[in-house]
Structure formats: structure tokens, C-alpha cells
Amino acid sequence: MRVYQKKIILLVILFLFLVGLILGAVYLKNVADYKQAVKETVIDEINIADVSDGVYVGEYDVDFIYAKVEVTVENAKIVSINILEHRHERGKAAETVTDKIIDEQKIDVEAVSGATNSSTVIKKAVENAMKGTAL
């Protein structure tokens, strides 16, 4: 009876190890896919003078990072950007990229150091907002 219990315990441990290995592989694949999506993200510059006054909402999602923003345009200028939602890993610091966009009046500004991926996602959300229809 003791040998039988040891075999069952060994099989359970082996099973749990294999499940952990599979879950780890799936996670690493998802991380690689998200990093590739960020790398392939292209920020198109928008001529703000061509954007009508109004409030625009845009979002961008690369699985691990998601941003939804509200952009206010007045007199051919971006006057405010509110981050409505920002799901990130360690990219909270990237939220200051909105200040750079307002200061420089362009979307493709320098990313926040240490939060490059989140900066890219927020910038793309701003671009998507400005390509949309005002609320």
C-alpha cells in the first residue's frame, strides 16, 4: 500500500510540473506576441489644424497594455488629454507622455524612459481618438 501511495504522489507531482511548464510556455508566447505588437505599432502624425474642435475618444490594445483616452481639441490645438483607462505592467510613468503631446502639439513625441511600451500605446490611443468623430 505504501508503494502505491508513493506512485500516486509522484504522478501528481509530475502532472503539476507539466501543467506549470505548459502555462509558463503559453505566458512567454503571449509576452512575445505583445512585444511584437508594440514593436510593429506605427504612429501616424495628424495635422491638428485639420481636426475640428471637439472631444474625441480613442483606444489601443496590445493585450498586456491597453489605453483609452479623451482628447480635447480647440482652435487647432490639443488642449487636454485625459486617460480614461490605462492597463499596464509597470508603465504608470508613461501617463506623463500626454503632457509632452500637449506641449509639443504632436503625437509622436519621445517616449517616457522606462515605460516605452506604455508610451507607445497611449500615443496610438491619442492618434486613434483624433482620427475618429468628435463626441
Got a second to check how far Ile46's CD1 is from Asp44's CG, nearest 0.5 Å? 7.0 Å
Can you tell if the side chain of Tyr56 reaches within under 4.5 Å of the side chain of Thr72, non-hydrogen atoms only? no
Membership question, hydrophobic clusters at under 4.5 Å side-chain separation (ILVMFWY): are Leu28 and Phe17 in the same one? no
On a heavy-atom basis, which atom in Ala49 and which in Ala76 lie closest, and how many Å separate them? CA-CB, 3.8 Å
Stepwise, does the side chain to side chain contact (heavy atoms under 4.5 Å, CB included) test hold for Glu59 with Asn128? CA-CA 6 Å; Glu59 59 188 343; Asn128 290 342; over 6 Å; no
What pair of heavy atoms forms the shortest contact from His86 to Glu95, and how long is it? ND1-OE2, 2.8 Å
What are the two closest non-hydrogen atoms of Glu45 and Ile107, and how far apart are they? OE2-N, 2.9 Å
Answer with yes or no whether the hydrophobic clustering places Phe15 together with Val12; edges join I, L, V, M, F, W, Y residues whose side-chain heavy atoms lie under 4.5 Å apart. yes
Option from Val126, Ile83, Val109, Ile102 for which side chain to side chain contact (heavy atoms under 4.5 Å, CB included) with Val97 holds: Val109
Would you call Arg87-Asp61 a salt bridge at under 4.0 Å N-O? yes
Applying side chain to side chain contact (heavy atoms under 4.5 Å, CB included) to Ile122 and Thr120, what does each step give before you reach the verdict? CA-CA 6 Å; Ile122 292 170; Thr120 299; over 6 Å; no
Side chain proximity check, Val73 to Val79, heavy atoms < 4.5 angstrom: no
Is the closest side-chain heavy-atom distance between Leu23 and Val19 below 4.5 Å? yes
Carefully, step by step, assess Lys131 and Glu127 under the rule salt bridge (Lys or Arg N to Asp or Glu O under 4.0 Å). CA-CA 6 Å; Lys131 285 182 174 179; Glu127 174 195 327; 2.6 Å; yes
Hey, does the side chain of Lys100 reach the backbone of Glu110 with a donor-acceptor pair shorter than 3.5 angstrom? yes
In this structure, CE of Met130 is separated from OG of Ser52 (nearest 0.5 Å) by 10.5 Å
Heavy-atom check, side chain of Tyr66 versus side chain of Glu85, under 4.5 Å: yes
Just wondering, do Asn30 and Tyr34 contact through their side chains at under 4.5 Å, heavy atoms? no
Lys92 atom NZ: more than 12 heavy-atom contacts under 6.0 Å: no
Closest heavy-atom pair, Val112 versus Ala93, reported as atoms and distance to 0.1 Å, is CG1-O, 3.7 Å
Does the side chain of Ile78 come within less than 4.5 Å of Val71's, by heavy atoms? yes
May I ask you to test the Val69-Leu84 pair for a side-chain heavy-atom distance under 4.5 Å? no
Out of curiosity, Ile101 CD1 to Ile81 CD1, how far, rounded to the nearest 0.5 Å? 4.5 Å
Of all heavy-atom pairs linking Ile48 and Gln105, the shortest is CD1-O, 3.0 Å
Just do the side chain to side chain contact (heavy atoms under 4.5 Å, CB included) check on Lys6 and Leu10 with the steps written out, would you? CA-CA 6 Å; Lys6 286 182 180 180; Leu10 185 61; over 6 Å; no
Kindly compute the distance separating NZ (Lys35) from CG (Asp63), expressed to the nearest 0.5 Å. 14.0 Å
Heavy-atom closest pair (Ser119 atom, Ala111 atom, distance to 0.1 Å) is CB-CB, 3.7 Å
When you group the ILVMFWY residues by side-chain heavy-atom contacts below 4.5 Å and let the links chain together, are Val62 and Tyr27 in the same group? yes
Could you walk me through whether Tyr60 and Thr41 satisfy the side chain to side chain contact (heavy atoms under 4.5 Å, CB included) test, starting with their C-alpha distance in whole Å, then the side-chain angles of each, then the deciding distance to 0.1 Å, before giving a yes or no? CA-CA 10 Å; Tyr60 193 61; Thr41 298; 2.8 Å; yes
Treat each ILVMFWY residue as a node, draw an edge where side-chain heavy atoms are under 4.5 Å apart, and state whether Leu11 and Ile22 are in one component. no
Do Ile43 and Val121 land in one hydrophobic cluster if side-chain heavy atoms of ILVMFWY residues count as linked below 4.5 Å? no
